[in-house]
Amino acid sequence: MADQKEELHRIKILEPLNPNRSTAIINGVTSGILNWNDIPYPSFYRAYKELSTNYWIPDEVDMKGDAKQYPELSEEERYAYDAIIGLLATLDSPQTRFIYNVAEYVTDPAVHANAAIIAQQEVIHNESYSYVLASITNLQNQNRIFELARTHPTIIKRNQPIMDAYDDFLEHKTGETLVKSLIQSSILEGINFYSGFAYFYNLVRQNKMTGTGKIISFINRDELAHSKFISEVIRAILGENPELQTDELVAYTHDAFRHAVELETIWSEEVMEGIEGIDVEEMVDYVKYRANKMLGMLGIPELYPGHSENTMTWIKAYADNFTETKTDFFEMRNSSYKKTNMDNGFDDL
């Protein structure tokens with residue numbers, strides 16, 4: 001066990017004199033050769049199977065209906081559509097780089113394998129936003145939407161705590177900064193997408209923009225798997241390095257989640273007020289429910305008593321936990337993902 005402030009060792013590509021099985025998840029030794037049959041955390045293989053099965057490509061989705069409906073959306077709906085697509089792009093774009101940077105300082109090669117899949121899926125997510133916009137509007141408007149995402153003050157404020165933690169890890173690579181950056185990543189994956197997902201599902205239940213809804217459902221499924229795996233990595237690091245499990249870390253995590261919910265509330269009120277079918281107060285309760293779920297996955301006490309159940313019940317029709325009994329509103333062969341194991345055990349929506 002090392003001090004919280006001790007620098008993490010950057011892994012080497014191949015060290016054949018070291019054992020194949022990693023001796024520790026961080027600051028251990030390993031050859032770099034991955035034998036899935038002999039890894040310290042078998043749950044990482046279950047995560048690999050789940051992640052690798054979630055394969056899809058954006059242009060499998062027919063966007064002709066969306067192209068016709070986009071100009072017919074109300075001004076409020078179209079603004080929310082544009083702003084949320086832009087927001088999602090600002091979240092997915094940096095994740096690819098962050099995941100690769102994390103993998104360079106985690107010894108266990110099973111984490112590297114899963115990080116490669118997660119990074120590739122984030123690239124697909126980002127491609128999907130470009131594909132969606134290219135399908136429904138001209139390049140000038142596409143560029144306007146991405147420019148909106150870059151300059152919108154609320155989006156900048158929402159993303160800042162996450163980017164600060166990422167930058168802190170890049171500058172000071174210690175166990176403490178790694179865990180904190182992964183906690184912020186779990187917030188990004190597990191909370192910051194979800195009001196946006198719900199907005200698109202609300203359009204779908206009104207028979208609007210169903211192509212976009214299909215793509216969002218694929219992204220949603222991926223992000224659930226990402227956030228689950230990230231929580232497993234955090235728990236593994238803390239389990240092997242109990243000196244990192246401090247009251248300060250719990251306070252940091254609670255403050256980070258509380259701040260994320262506050263920022264998500266501001267965003268929801270700003271973008272979704274007056275949208276038909278959206279109750280902003282209900283949306284905020286849903287975000288608090290998501291925060292409690294994520295904290296539970298991290299083994300940390302919940303923040304919001306009374307928000308242990310998803311009261312936004314209508315969303316379950318579009319993404320009811322992504323089990324094998326998922327209701328397929330999208331009627332598309334790849335909107336129902338193959339279930340790879342029976343014990344992945346998380347109830348997410």
Side-chain angles (χ1 to χ4, degrees), residues 1-11 24-28 41 44 47 90-108 111-112 114-115 118-119 122 156-194 223 226-264 287 290-304:
M1 290 179 288
D3 185 86
Q4 293 184 51
K5 305 295 184 183
E6 181 182 345
E7 286 289 317
L8 296 177
H9 303 153
R10 186 177 184 181
I11 62 164
I25 193 162
I26 55 174
N27 280 350
Y41 296 95
F44 291 176
T90 70
L91 295 175
D92 274 325
S93 296
Q95 276 300 88
T96 301
R97 298 191 298 278
F98 171 70
I99 290 296
Y100 279 132
N101 274 281
V102 165
E104 289 191 323
Y105 291 87
V106 176
T107 310
D108 191 338
V111 175
H112 308 162
N114 286 341
I118 290 172
E122 300 294 5
I156 293 171
K157 189 178 294 186
R158 286 173 83 262
N159 295 349
Q160 198 61 52
I162 297 169
M163 297 309 123
D164 287 345
Y166 287 7
D167 289 341
D168 194 24
F169 169 68
L170 291 178
E171 293 175 16
H172 310 285
K173 296 180 178 68
T174 68
E176 180 185 20
T177 60
L178 173 61
V179 169
K180 287 182 176 179
S181 67
L182 288 171
I183 287 168
Q184 290 288 353
S185 185
S186 75
I187 288 172
L188 184 152
E189 302 272 13
I191 293 178
N192 287 1
F193 286 104
Y194 280 79
E223 301 298 1
H226 297 181
S227 60
K228 182 190 175 190
F229 176 66
I230 289 169
S231 73
E232 291 177 350
V233 172
I234 293 170
R235 291 199 306 270
I237 294 171
L238 295 178
E240 291 188 18
N241 301 272
E243 74 281 0
L244 296 174
Q245 297 189 57
T246 62
D247 292 340
E248 188 273 336
L249 180 66
V250 173
Y252 172 87
T253 305
H254 275 163
D255 287 346
F257 273 78
R258 187 181 295 108
H259 191 44
V261 170
E262 289 170 357
L263 293 172
E264 196 72 14
V287 173
R290 285 293 313 156
N292 281 345
K293 293 293 293 184
M294 292 302 303
L295 288 165
M297 290 171 67
L298 295 173
I300 292 177
E302 66 179 24
L303 266 177
Y304 302 102

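Side-chain contact of His226 with Glu122: a donor-acceptor pair under 3.5 Å is present, judged by distance alone.
For the pair Arg10 and Glu104, the salt-bridge criterion is met [side-chain N within less than 4.0 Å of a carboxylate O]. Between Lys180 and Glu176, at least one side-chain nitrogen of the basic residue sits less than 4.0 Å from a carboxylate oxygen of the acidic one, meeting the salt-bridge criterion.
Here the two rings, on Phe169 and Tyr166, have centers that are 6.0 Å apart or farther.
Annotation for Arg97 and Asn101: closest pair O-ND2, 2.8 Å, computed over non-hydrogen atoms. Across every non-hydrogen atom of Ser186 and Met294, the tightest pair is O-CE, 3.6 Å. Taking all atoms of both residues into account, the shortest heavy-atom contact from Asn114 to Ala47 is ND2-CB, 3.9 Å. Closest of all the heavy-atom pairs between Leu295 and Pro301 is CD1-O, 3.8 Å. In terms of heavy atoms, Ser185 sits closest to Gln95 at OG-NE2, 3.1 Å. In plain terms, the two heavy atoms of Gly28 and Thr107 that are nearest each other are N-OG1, 3.0 Å.
With values rounded to the nearest 0.5 angstrom, Thr90 atom OG1 is found 9.0 Å from Ile162 atom CD1. Note that CG of Asp255 is 9.0 Å distant from CD of Glu248, once rounded to the nearest 0.5 Å. From Ile234, atom CD1 reaches atom OG1 of Thr253 across 8.0 Å, with rounding to the nearest 0.5 Å.
A heavy-atom distance below 4.5 Å is found between the side chains of Ile183 and Leu249. Inter-residue side-chain proximity for Ile237 and Leu182 is flagged as met; some heavy-atom pair is nearer than 4.5 Å. With a 4.5 Å cut-off on side-chain heavy atoms, Val287 and Tyr304 do not count as touching. Contact check for Lys157 versus Leu263: side-chain heavy atoms found under the 4.5 Å cut-off. When side chains are defined from C-beta on, Phe98 does not count as touching Leu188, because their heavy atoms never get closer than 4.5 Å. Between Phe193 and Arg290 the shortest side-chain heavy-atom distance does not fall below 4.5 Å. Side-chain contact between Thr174 and Thr177: present, with at least one pair of heavy atoms (C-beta onward) separated by less than 4.5 Å. Looking at heavy atoms from C-beta onward, Ile11 lies out of side-chain contact with Tyr105 at the 4.5 angstrom threshold.
For Glu264, the salt bridge (charged side-chain N to carboxylate O under 4.0 Å, His left out) partners at least two apart in sequence or on another chain are Arg158. Applying the side-chain hydrogen bond (donor to acceptor under 3.5 Å, both in side chains) rule to His254 yields no partners; only residues at least two apart in sequence or on another chain are considered.
The closest donor-acceptor contact from the side chain of Asn27 to the backbone of Leu8 lies at 3.5 Å or more, if one exists at all.
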